[in-house]
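First listed ligand is number 1; within each ligand, the first listed atom is number 1.
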Amino acid sequence: MADEMKLSDKLTMKKKNIYDCVDAEKKAKIFDFAEGYKSFLDIAKTEREASVAAIEAAKRYGFTEYKLGEPLKAGDRKYYNNRGKSIYVFKVGTRPLNEEGIRILAAHIDSPRIDLKQVPLYEDSGMAFFKTHYYGGIRKYQWLAMPLSLHGVIIKKDGSEVNIRIGDEENDPVFYINDLLPHLAQEQATKTLATAVNAENLNILVGGIPLKDGDGDGSVKLNVLNILNEKYGITEEDFISAELCCVPAFNARDIGFDRALIGAYGHDDRVCAYPLLRAIFDTETEQTVLGVLADKEETGSNGNTGMQSMLLLDIITEISRAMGYTDTAVRAVSKCLSADVNAAYDPNYKEVYEVKNSAMISCGTTMSKYTGARGKSGTSDASAEYVGYIRKTFAENNVHWQTSELGRVDLGGGGTVAMYIANLNIDTVDLGVPVISMHAPYEVVSKADVYSTFEAFSAFIK
Ligand code: MN
Ligand code: MN
């Protein structure tokens, strides 16, 4: 029997819960890291706020701003600010770039949310509302009847900028999307989840007091405009050059009696962005390392702040040229971890998973060799050789990790930024934190998996 046990240990693979494998000291490290992450979540609820937080942290670690075309030398620690919505941080190493390439970590800092339209404000039946166009893959019914905070920026006609963040402080007002009461929902209840909530009904409640000197019609709207004008100096036309959105007005909290988990808005993908920054800041390495915090992943990575823009290529080219190499030679030997979340196996919805190839909670950061859906359509598929290289790296650095794909075949699947980086002739594989209730207003991750992701990134860039 004992021999059989040994053979089983030697030949078979089992996922292990990290909390089963760590001592008290390591558990304290895991929990301590989670505190830093929760603070980051609470200040970084949009890509703009995450960019500000990333730049402030980079400066504290001695990084200085980089402009395209500037000279670079070994030892430089730089950040590049792409329009306040996407950030690149990099350290120029001493290892030859034509042999070692650049170690790239890429995460995204945008999350599903409710964006305001450019003509948002109107009044109906004594209430003022904002019209919205949701951003990313939301399940509309999840965003009703709960407190929302308003975030973003308004560029006024004179070019001056107003930053908005209302609803996160204890005494702030919050905002709200109405839902139907059960007493009147019999007809709606017969519809499917996908059709029961009309996107044009996702209007945000922002006021209810008519302006005293108003002329009746439109005076609640006028009162809201008057308040905004007194506070921010804006008029209705200024919404045209604004980017405003509503996100859940909750801060990150521990979940469970044992505090094993973290509930928060926007784990996807700040739960990879935060370990990415910490790994780049904290890891001593001779490699050239580049961390990308991308925008627009949730809407297809298009545009000049998305991962499909030329900017990644431009920055690789600039670093290569400055160090005396061609970008083509450097890209061919560069390596990337596309850092994005994956679906954690949820025993309440077993039917949508294939358990052997699902990410189990607290079993570590999870690697997906390939993405795509229905016959791997739209896949980025890392080579066996590259996955082998990552396995070896993780084994040498005691990284607790697992492998998974997103849901069962012909049901699940999805894409990340991996393909856009792989298309540049860079070995790329997906790796990140398993998430429960991904894209919900309040998502759940395991503290152990967050820390394991940090350890994986650190090992990769060492
Ligand atoms: Mn994501
Ligand atoms: Mn997502």
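- D340 contributes OD1 as its N, O or S atom closest to the Mn ion (ligand 1).
- The atom of D268 that is an N, O or S and sits closest to the Mn ion (ligand 2) is OD2.
- Between Y37 and Y274, a ring centre-to-centre spacing shorter than 6.0 Å is recorded.
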Worked verdict on N203 versus Y122 for side-chain hydrogen bond (donor to acceptor under 3.5 Å, both in side chains): CA-CA 10 Å; N203 302 312; Y122 72 101; 3.1 Å; yes
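- At a cut-off of 2.8 Å, E298 is not counted among the residues with an N, O or S atom near the Mn ion (ligand 1).
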Given the rule in the salt bridge (Lys or Arg N to Asp or Glu O under 4.0 Å) test, do E354 and R408 qualify, once you have shown the distances and angles that lead to the verdict? CA-CA 5 Å; E354 186 272 287; R408 69 172 162 83; over 6 Å; no
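- Checked against the 6.0 Å centroid criterion, the rings of F454 and F457 do not qualify as a close aromatic pair.
- When distances to the Mn ion (ligand 1) are checked against a cut-off of 2.8 Å, H108 contributes an N, O or S atom below that limit.
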